[in-house]
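Encoded as structure tokens, the structure appears first; notes follow it.
Counting starts at 1 for both ligands and their atoms, following the listed order.
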Amino acid sequence: MDHFHYRNQKLYCEEIPVSDLAKEYGTPIFIYSYATLVHHLNQLQTAFAEAKPLICYSVKTNGNIHICRVMREHGSGFDVTSGGEMYRALAAGASGESIVYAGVGKTDEEIHFALQNDVFMFNVESEEELHTIGAIAQSLGKVASIALRVNPDLPPKTHVKTDTSVKGVKFGLDIETVLDVARGVVGHPGIAIKGIHLHLGSPILSAEPYRLGCEKAIPIIQSLREQGHPITHLNMGGGFGIHYKKQEALPASAFAEFILPTVKKLNCQLILEPGRFIVGNAGILVSSVLFTKESGGKNYIIQDAAMNDLIRPTLYDSFHRIWTVDLPAGTNLPPQDYEVQNSDTFLQNVVGPVCESGDFLAKDRFLPKVSRGTLLATFSAGAYGMSMSSNYNARRRAAEILVKGDKAILIRRRETYADLIAAEECCNLDGFGE
Ligand SMILES: *Cc1c(COP(=O)(O)O)cnc(C)c1O
């Protein structure tokens, strides 16, 4: 479910024609729907209501401070993976008690920063990290609340680059060693082990991995309690998949079906860290066609968005639906199935201006004929789009707009050329002499 719809041959975001926004603010541009964001957060809140979960929106998915503010205003906490993300969450008005902090490589500076802001819980990924956090907490006269991140050693479930719960990845503590690590800190004055954390990977299109994860969580929590750790929290992470291609994703209730009974059985508070599920389908990337050409028997659409704006196709071979924003007379709505050719489509490659052959948004895709200036919408671009963007090729990062009903607000201005060199203007090279 989202609020991007074609009406009278035009794509709308809620009540505003997307082409009006592109005309006013230029392209490439990310356009987000407020109603879609809130709808997906509500879906999770409703599906898991029985457990009164602490839902912690994953800041890395889309950290725009205004999106974080919308999340906070609708009852979400935050999952962060760096000091910078913690800063974003705090700047959005979050209290430390609504923030959980994961990541394999927390620096001392970041640990201090999180403790000084009363972070709710650290998700700890190694024994050395656990002792470091304990020592820093002690030096500050604090007790750090900890969830041990467990690698539950499950079968592969998603793209190899984003599968975080198979044996041998860098994440978490091996399931065989968790109990030994926990035993070593019983009674530690700077550490309170309060839970375990399992983020399985992303995106996940089946509930089965969550069932298996829950199954493995139960005996670990029982053993930790026997060791004397008063376990109160089970954090099942994020990873819930969304519609990228067709209608392939599960509703939140499908995941709740397996997670809720475990939470009840363990008498724990549930923490979830959803990102993609909330913001993925709430955003599109709009671009303008610059040129079309044929090369080596292939048809190319060269448009002004590139791998620096949306790297998922390049990085993960991800599929994003793409279609024209306006539908000229005689062209059709986007197909239910992009693998099927229809009367006005032919195979084309959608590429950007960046100097890499890997710079593409879609390969061998049935699309209608376009020409200079045609606006294209790349759908499901709200998650891991802007947050993974870069200035590669000295491209200015795109603007972002949030739409609510018939109102639109620019929530991040397009970068300027001056922005590109601002951080480098901290010095000159006079110190080298002649
Ligand atoms: C990336 C990440 C998430 C969010 O994943 P989604 O698939 O966007 O829901 C949650 N928790 C951790 C620890 C993560 O690394």
Side-chain angles (χ1 to χ4, degrees), residues 37 40-41 43-45 47-48 53-64 67-68 71 76-82 84-86 88-89 98-106 110 114 119-126 129 146-152 157-159 161-166 169-173 195-207 209-210 213 233-244 248-252 254-256 259 270-283 312 315-316 318 380-388:
L37 274 175
H40 286 95
L41 176 61
Q43 235 198 24
L44 288 164
Q45 287 166 330
F48 288 93
L54 177 56
I55 293 183
C56 293
Y57 170 68
S58 161
V59 174
K60 77 168 190 276
T61 311
N62 185 325
N64 185 294
I67 289 188
C68 291
M71 290 293 107
S76 183
F78 297 92
D79 157 48
V80 303
T81 55
S82 70
E85 287 187 356
M86 177 109 192
R88 279 190 177 276
S98 68
I99 300 174
V100 294
Y101 192 145
V104 292
K106 304 175 186 78
E110 289 173 319
V119 69
F120 184 65
M121 215 172 276
F122 288 102
N123 297 322
V124 165
E125 315 225 7
S126 67
E129 182 198 334
I146 305 284
L148 295 174
R149 180 168 182 176
V150 179
N151 178 349
K157 62 207 76 62
T158 185
H159 193 283
K161 287 183 186 166
T162 54
D163 196 332
T164 56
S165 59
V166 286
V169 296
K170 69 177 177 179
F171 297 101
L173 294 153
I196 65 167
H197 172 254
L198 297 100
H199 171 66
L200 305 178
S202 176
I204 299 177
L205 293 169
S206 144
Y210 292 90
H233 287 80
L234 174 64
N235 185 336
M236 288 303 294
F240 310 130
I242 62 166
H243 303 318
Y244 277 115
E248 67 264 43
L250 293 175
F255 301 104
I259 296 174
L270 176 65
I271 302 175
L272 294 172
E273 303 171 336
R276 191 190 313 269
F277 188 87
I278 293 173
V279 73
N281 288 136
R312 299 191 68 258
L315 196 58
Y316 313 127
S318 305
S380 306
Y384 307 105
M386 191 63 180
S387 65
M388 293 181 95

Notebook entry, point to check: What pairs with His233 under side-chain hydrogen bond (donor to acceptor under 3.5 Å, both in side chains), at least two apart in sequence or on another chain?
Noted result: Gln269
Margin query: I'd like the residue list for ligand 1, meaning every protein residue with a non-hydrogen atom under 4.0 Å from the ligand.
Written below: Ser58, Lys60, Thr61, Asp79, Ala102, Arg149, His197, His199, Ser202, Gly238, Gly239, Glu273, Pro274, Gly275, Arg276, Tyr384
Check: With no hydrogens and no angle check, do the side chains of Ser380 and Asn281 hold a donor and an acceptor under 3.5 Å apart?
Finding: yes
Notebook entry, point to check: Would you say the side chains of Tyr384 and Thr61 form a donor-acceptor pair under 3.5 Å?
Noted result: yes
Note to self: So, using side-chain hydrogen bond (donor to acceptor under 3.5 Å, both in side chains) as the criterion, who are the partners of Arg149 when residues are at least two apart?
What the structure shows: Glu125
Next item on the list: Tell me yes or no: between the side chains of Lys157 and Ser165, is some donor less than 3.5 Å from an acceptor?
Entry: yes
Margin query: Suppose we screen for salt bridge (charged side-chain N to carboxylate O under 4.0 Å, His left out). Which residues come up paired with Glu129, at least two apart in sequence or across chains?
Written below: Lys106
